[in-house]
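Since we're looking at a predicted model, the values are computed, not measured. Sequence lines set the chain letters: A, B, ... in the order given, protein chains first and strands last, and positions in each chain run from 1.
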There are 2 protein chains.
Amino acid sequence: MDRRIEKSRQAIMDAFTKLMLEKDFEKITINEIAELANVNRGTVYSHYVDIFDLLNQCIENHLNKLFENCQPRGNDSSISGKDALCKTFNYLEQNAFFYSKMLMSKSITAFRNRLHALMVKSVEEQLDMNGITTDGNREIMVQYFASATIGVIEWWITNSMPYSSEYMAEQLLSLMERYQNVTAPLTRS
Amino acid sequence: MDRRIEKSRQAIMDAFTKLMLEKDFEKITINEIAELANVNRGTVYSHYVDIFDLLNQCIENHLNKLFENCQPRGNDSSISGKDALCKTFNYLEQNAFFYSKMLMSKSITAFRNRLHALMVKSVEEQLDMNGITTDGNREIMVQYFASATIGVIEWWITNSMPYSSEYMAEQLLSLMERYQNVTAPLTRS
DNA sequence: TCGATTTTGTTTATTAATCAACATATGTGA
DNA sequence: TCACATATGTTGATTAATAAACAAAATCGA
């Protein structure tokens, strides 16, 4: 792809993310973003229809990175479920400022919705991948695991990460293993 | 000016400076520079005729910053000659890696020549500014002060800055004050 | 509330950057 | 020494980014 596109997108997204950390979303203007990104205002509009589109793509980028982190590498299962989960918590820790802002913002509902949707999808994939069948209702089970995991993550982030990422991965894994052989809603063991 | 020009120049110059620090000038290629700067190779050629032009402009940029540092601020002489000289040594310290490379490189003669020329010009300006007249030969005096100052700077840089910049400024100032009321070849008192 | 300022979103002409292709030059290893 | 690879410098067609200008909407301050 034309490297200009990549550079502009990166500069705009970086500027937006930076502004997100230091002020409320409602206070951020396209002007500010363009100025900080050092691109023309028109360039912003050529990549994003408006600031909400920018927000959504920003969320999408971050959540993609989040869920990438918990995919076992390639075909070799050299990385265990616990390792992958640990990597995920490490990633969250490194980007805690961003995720904290997203979870605590009153005006941003898109983030929670998208996180939940992606988590549900991820849990379903893990169930399929591990060939898990259950007596109970599958739909409900998926919702159960997804919400449980998000709840733990949200609590950990918004409470300034009181435990290490290793410990969190351990505990979450242990909780999930109690019920089914679903070793992790995000990863396979 | 079109911000694209500024951004491209900056990216290219940054990449070149970075490469200068980690390898010899002769080993640096335009391809490398373009790659590291993340610009098309043609863009490099649209700003610089060849790698020697790039080197010269790089030297020019750095030396301009060097001599900017020792100009007293604006019209108010709130910053004394010593302070300005101190700022100059501080700047040299911060960019010691670059200046050391330049001074020690066998293949780069342009840097020493340009440094000497700018130093001579600076000494002449300081003489004029302070209205200094002397019995001796002015030309020779200018050469004397210019070479003396460069010699001290070169020794300090290539010997890993054995004294603090404050001390160096002090000592150099004191040496120059012994002869004329030329308080500093780089600054006015 | 009202006037002023800022922001938004869009358009247009212009320009810099891009990619691909090329011939030439330089250098490198067998 | 001679292929082979890499680097140089240039060209032309295409595209993304730019600045400037604009009307409309939103925000702000008095």
Side-chain angles (χ1 to χ4, degrees), chain A residues 1-61 101-102 105-111, chain B residues 1-61 101-102 105-111:
Chain A
M1 193 201 303
D2 195 313
R3 73 206 318 154
R4 284 174 293 182
I5 297 174
E6 194 59 42
K7 281 192 276 187
S8 291
R9 290 225 181 106
Q10 193 66 52
I12 293 165
M13 206 45 96
D14 285 353
F16 180 65
T17 303
K18 202 168 179 184
L19 286 170
M20 284 287 290
L21 300 185
E22 60 192 39
K23 57 161 64 181
D24 286 339
F25 171 68
E26 313 84 55
K27 299 285 182 188
I28 298 174
T29 69
I30 299 278
N31 281 330
E32 262 183 317
I33 296 164
E35 194 180 354
L36 185 60
N38 196 23
V39 297
N40 190 276
R41 200 159 51 86
T43 306
V44 178
Y45 285 108
S46 73
H47 290 283
Y48 310 96
V49 294
D50 56 22
I51 203 167
F52 300 102
D53 183 31
L54 188 41
L55 173 64
N56 287 330
Q57 293 201 36
C58 178
I59 289 171
E60 204 62 23
N61 290 345
K101 277 266 171 181
M102 281 295 174
S105 167
K106 287 169 191 166
S107 54
I108 302 173
T109 58
F111 178 77
Chain B
M1 193 204 299
D2 194 313
R3 73 209 314 160
R4 284 174 294 183
I5 298 173
E6 194 58 43
K7 281 193 276 188
S8 291
R9 290 226 181 104
Q10 193 65 52
I12 293 165
M13 206 45 98
D14 285 352
F16 179 65
T17 302
K18 201 168 178 185
L19 286 170
M20 284 287 290
L21 300 185
E22 61 192 39
K23 57 160 66 180
D24 286 340
F25 171 69
E26 312 84 56
K27 299 285 181 188
I28 298 174
T29 69
I30 299 278
N31 280 330
E32 262 183 318
I33 296 165
E35 193 180 356
L36 186 59
N38 195 24
V39 297
N40 191 276
R41 199 159 53 85
T43 306
V44 178
Y45 286 108
S46 72
H47 290 282
Y48 309 95
V49 294
D50 55 22
I51 202 166
F52 301 102
D53 183 31
L54 188 41
L55 172 65
N56 287 330
Q57 292 201 36
C58 177
I59 289 171
E60 205 63 22
N61 289 346
K101 277 266 171 181
M102 282 294 174
S105 167
K106 287 166 188 166
S107 54
I108 302 172
T109 59
F111 178 77

OP1 or OP2 of D:dA17 under 4.0 Å from side-chain N/O of A:Asn40: no

Checking the side chain of A:Ser105 only, and the main-chain atoms of A:Lys101 only, is there a donor and an acceptor separated by less than 3.5 Å? no

Take atom NZ of A:Lys27 and atom P of C:dT8, then tell me their distance rounded to the nearest Å. 13 Å

Phosphate OP1/OP2 of D:dT18 contacted by B:Lys7 side-chain N/O (<4.0 Å): yes

More than 12 heavy atoms from other groups under 6.0 Å of NZ on B:Lys18: no

Worked check of side chain to side chain contact (heavy atoms under 4.5 Å, CB included) between B:Asp53 and B:His47: CA-CA 9 Å; B:Asp53 183 31; B:His47 290 282; over 6 Å; no

Kindly check if the number of other-residue, nucleotide or ligand heavy atoms within 6.0 Å of CD (A:Glu35) is above 12? no

A:Ile30 CD1 to D:dA25 C1', in whole Å, measures 14 Å

Within the structure, does a side-chain N or O atom of B:Arg41 lie under 4.0 Å from either OP1 or OP2 of D:dT8? no

Please state whether the phosphate of C:dT8, meaning OP1 or OP2, lies under 4.0 angstrom from any side-chain nitrogen or oxygen of A:Asn31. yes

Between A:Glu6 (CD) and D:dA16 (C1'), how many Å, whole number? 14 Å

Has the side chain of A:Arg4 got a donor or acceptor atom sitting under 3.5 Å from an opposite partner on the base of C:dA17? yes

A:Glu35 CD to D:dA19 P, straight-line distance once rounded to whole Å: 12 Å

Between atom CD1 in B:Ile51 and atom P in D:dG9, what is the gap in whole Å? 9 Å

Remember a base hit wins even if backbone is also touched, and classify B:Val49 as base, sugar-phosphate or nothing at under 4.0 Å, heavy atoms. nothing

Donor-acceptor side-chain pairing of A:Gln10 and A:Asp14 below 3.5 angstrom: yes

Between A:Arg3 and A:Thr29, which is nearer to the 5' end of DNA chain C once each is assigned its nearest nucleotide? A:Thr29

B:Glu26 has an atom CD; how far is it from atom P of D:dT8, in whole Å? 13 Å

Within less than 4.0 Å of OP1 or OP2 of C:dT18, is there a side-chain N or O belonging to B:Thr43? yes

Counting only side-chain nitrogens and oxygens, does A:His47 get under 4.0 Å of the OP1 or OP2 atom of D:dA16? no

Please report the distance, rounded to the nearest Å, between CE in A:Met1 and P in D:dA17. 11 Å

Looking at D:dA17, C:dA16, C:dC19, which one has an atom nearest to any side-chain atom of A:Ser46? D:dA17

Spacing between A:Glu32 atom CD and C:dG9 atom C1', to the nearest angstrom: 17 Å

